Amino acid sequence: MSDRLLSYNEAIDEAIRQEMSRDSSVFIMGEDIVGAAGRPEFWEDLGGAYGKNRGLIMDFGPERVIDMPVSEMAFSGAGVGAAMAGARPIVDIMFIDLIGCCFDQLVNQAPKIRYMTGGGYDCPVVFKTSYGGRAIPGLPKGGGAGVHHSQTMYSVVAHFPGLKVVTPSTPYNAKGLMIAAIRDNDPVMFLTHRFLGSIGGHVPEEDYTVPIGKAEVVREGEDLTLVGIGGTTSLCLEAAESLAADGLEAEIVDLLTLNPLDEETVYASVEKTHRLVVVDEDTPVASIGRDLAARVAQNRFGYLDSPVTTVHSADTPVPYSAALEEHLPPTAEKIVTAVNEMLVAV
Amino acid sequence: MAIDIDRDKLTWMYRTMRLIRRFEEKYLELLNSGVPFGTGHLYIGQEAVATGVSAHLRDSDYIGSNHRGHGHCLAKGVDPIAMMAECYGRLTGTNRGRGGSMHITDARLGVLGVNPIIGQSMAHAVGAGMAINLRKGDDVAVSYFGDSAVGCGVFNESINLATMMNAPVVFVCENNQYAVTTPVEYAIAGNIIVRPAAYGIPGVKVDGMNVFEVYEAAGEAVERARGGGGPSFIEAVTYRYEGHWIKDDHTKYRRKAEVDEFRARDPIAALKKRVVADKDLTEKDLADVDAEIETLMDEMVKFSEESANPEAAELYEYVFSESTAGDLA
């Protein structure tokens, strides 16, 4: 592993730069990804509304780094059309909460292109967006962004055959999954956790891919399996330390891809540990966490020594007040509590 | 209008319009004889629009189409035999039986797809235009949509974006005056043709029953787009002779006098009359085309009837790709 440290956002930016250098058909478009559109004197320092793409336009020019008007429907659809016409667009949708404005393109158009054309067209578009906004270890509790800028919502997009959905959890897998997403011939939703952006990690300088559709065992253990998704993987690691102090060794599977979902890695872990807790920051109803729980209950029932358990965000919209919001998402403490309740329930 | 179109092009126009008409009539005929088509939206009456536009397009140009798209595809050059086989759900169809009438595509001809979610293919055409600009090409993308799309949010977003990006897109509004049963004057506020001016792009309203008017307007728009002049807008006022879809009885919401008025201005009859009167083509030339199309129709039906269906084992094919650009690199 490389000694070099990058933040999660820097790792994604590096992946985009390397792919744009490698392949001239790759371009990126979204709202405020450059900032100050049409005013080059501001470009060098701005790098978009959140500074995530600083300097990108200086290296690749305004033909390939393109600020969009507030038109999620048009530019998501333009991403689909450009992908069908031979380009490899990265469509930056500022927040996952905005997908209602372009839902048709995300779920009705992009995922169906290959299937409904009988393989006639590829649709190699990346929809990059951000989710979450609540308590993460080491960061202020409560994002304070309210109901429309804090949701997780990934289960909604994980529902559609043909749409790949990835949820990187570290700078390393964020870079590798972004490169894999850009090279993939199918539409990929690349979901970044809003509060993971500044976390650091070791990232090799060279380009590499982390395979889409493959989960990763990030901690080995014998006593139970914790499944983390994006932002909750670090919570699982924290909970595992606490459980270890009580003599329980948790194995942790970082799901990384929500669709197509790597059941086999989860099954293999459950066959070994006989217990499963899925930690999903989305709200519980019709969620990916419960979907995974159902798959394990249906297909590995005979291996289970305890009821399959899930830890989700509260089934409410996201409140503004930090005093409420801090109680909303999964935490390491809630995971430990869920594990203890599961063991008692045997 | 003086006709400054050569004989080959006039023959192509007649052949294309006649092919569309006969394809659609055959579709209805087959349906009535018991062929279990899922659905279908016939282009009969609107043939002059796709024909007048496609007369300026080459294979590498793109089109985005709507649910009433058979005519757009045939005019762009899609094989009617593969199209009909697709409507039969056959493996030999344009989409290997996965798309059907409302999703005909052809990647070799830039046919991005018949697309029945109103207005959404406008954004695809803009994206194709952006891809053309990215590779510094001189192809164009045509976006076909109906009067009802004018009321959609994606209409505004797509034209705004195309204009901003100076994308080589020709927006063709086929105003056939009905959204299912709802008349345009009820559903669309103001005038359609004043809208392009608000985006600062050229717009022209033409008689969509007259292939020469469409041809002239489309020629200017396509040339502008190819030359880097950005998007244009054409409103072609036209009429569908049949119902919204194959089992829709349009007499329940349209007055007979109105239908008769448009039928009296039939675009194929008008073209025929004109080319014969001007001695560009003879009755015999036209009859030869008709005969050739009838042979094609027979071949088309035979092929579709005899083609195999997809196998059940193929159900999961094409959900995801099996290769990536990484494999190719």
Side-chain angles (χ1 to χ4, degrees), chain A residues 19 22-27 29 37 63-64 66 68-89 101-102 104-105 108-109 111-125 161-162 164 179-180 182-186 209 212-213 259-260, chain B residues 62 64 86 91 93-100 103 105-108 110 112-113 115 117 119-136 139 141 152-154 156-162 164-165 167 310 316-329:
Chain A
E19 285 306 285
R22 189 183 70 84
D23 181 347
S24 63
S25 72
V26 179
F27 72 99
M29 59 178 158
E63 292 81 19
R64 296 176 66 199
I66 314 171
M68 286 289 114
V70 182
S71 300
E72 284 84 8
M73 193 166 13
F75 68 75
S76 299
V80 173
M84 294 175 81
R88 289 187 175 268
C101 301
C102 51
D104 191 74
Q105 294 294 343
N108 236 357
Q109 304 293 340
K112 273 84 169 176
I113 297 294
R114 172 179 308 285
Y115 197 84
M116 73 183 174
T117 67
Y121 275 104
D122 291 332
C123 190
V125 57
K164 292 174 177 170
I179 292 176
I182 293 169
R183 293 181 187 179
D184 203 284
N185 285 334
D186 291 324
T209 57
I212 294 172
N259 191 15
Chain B
Y62 296 92
E86 182 62 30
L91 193 57
T94 47
N95 304 40
R96 301 177 70 77
R98 271 69 169 181
H103 300 281
T105 51
D106 192 331
R108 289 163 307 178
L112 299 172
N115 200 305
I117 306 295
Q120 293 295 329
S121 70
M122 296 180 75
H124 299 166
V126 177
M130 290 172 68
I132 293 164
N133 280 351
L134 183 66
R135 60 177 179 251
K136 302 193 188 320
D139 293 325
C152 294
V154 71
N156 169 58
E157 291 194 16
S158 298
I159 301 177
N160 183 66
L161 182 58
M164 238 188 76
M165 300 307 303
Y316 289 90
E317 258 185 67
Y318 309 120
V319 176
F320 291 117
S321 63
E322 284 162 15
S323 66
T324 69
D327 297 336
L328 304 173

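If you're wondering where the values come from, they're calculated on a predicted model, not measured in any experiment. Protein chains get the first letters and strands the later ones, always in sequence-line order, with residue 1 at the start of each. The figures that follow rest on heavy atoms only: side chains count, while hydrogens, waters and symmetry mates do not.
In this structure, the separation between CE on A:M116 and OH on B:Y318 is 15.0 Å, given to the nearest 0.5 Å. Remark: A:N108 CG to B:I117 CD1 distance equals 4.5 Å, nearest 0.5 Å. A distance of 11.0 Å separates NE2 of B:H103 from OG1 of A:T117, quoted to the nearest 0.5 Å. The OH atom of A:Y115 sits 9.0 Å away from atom OH of B:Y316, with the distance rounded to the nearest 0.5 Å.
In this structure, chain A has heavy atoms under 4.5 Å from both the backbone and the side chain of B:L112. With a 4.5 angstrom heavy-atom cutoff, B:R108 does not touch chain A via any of its atoms. For A:S76, no part sits under 4.5 Å from any heavy atom of chain B, backbone or side chain. Interface residue A:I66: only side-chain heavy atoms are found under 4.5 Å from chain B. For chain A, the nearby part of B:E317 is the backbone; its heavy atoms alone come within less than 4.5 Å.
Put simply, of B:I159, B:I132, B:D106, B:D139, the one with the most heavy-atom pairs under 4.5 Å next to chain A is B:D106. Counting heavy-atom pairs closer than 4.5 Å to chain A, the top-ranked of the candidates B:N133, B:L161, B:V126 is B:L161. In terms of heavy-atom pairs under 4.5 angstrom with chain A, the leader among B:N160, B:V319, B:T105 is B:V319. When the candidates A:A78, A:C101, A:P89, A:S25 are compared by the number of heavy-atom contacts under 4.5 Å with chain B, A:A78 comes out ahead.
A:Q105 and B:A123 make their closest contact through NE2-CB, 4.1 Å (heavy atoms, listed as atom of the first residue, atom of the second, distance). When all heavy atoms of B:A107 and A:G120 are compared, the pair lying nearest together is CB-O, 3.3 Å. Nearest approach of A:A87 to B:A131, heavy atoms of both residues: CB-CB, 4.1 Å.
With 3.5 Å as the limit, one finds no donor-acceptor pair spanning the side chains of B:Q120 and A:Q109. Between the side chains of B:S321 and A:D186, at least one donor N or O sits under 3.5 Å from an acceptor N or O.
Within the 4.5 Å cutoff, side-chain heavy atoms of A:K164 are placed close to those of B:F320.
With hydrogens and angles disregarded, a donor-acceptor distance shorter than 3.5 Å links the side chain of B:E157 to the backbone of A:M73.
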Could you check B:M165 against A:E63 for side-chain contact (heavy atoms from CB on, under 4.5 Å), going step by step and ending with a plain yes or no? CA-CA 9 Å; B:M165 300 307 303; A:E63 292 81 19; over 6 Å; no
Apply side-chain contact (heavy atoms from CB on, under 4.5 Å) to A:F27 and B:M130, showing your working. CA-CA 10 Å; A:F27 72 99; B:M130 290 172 68; 4.1 Å; yes
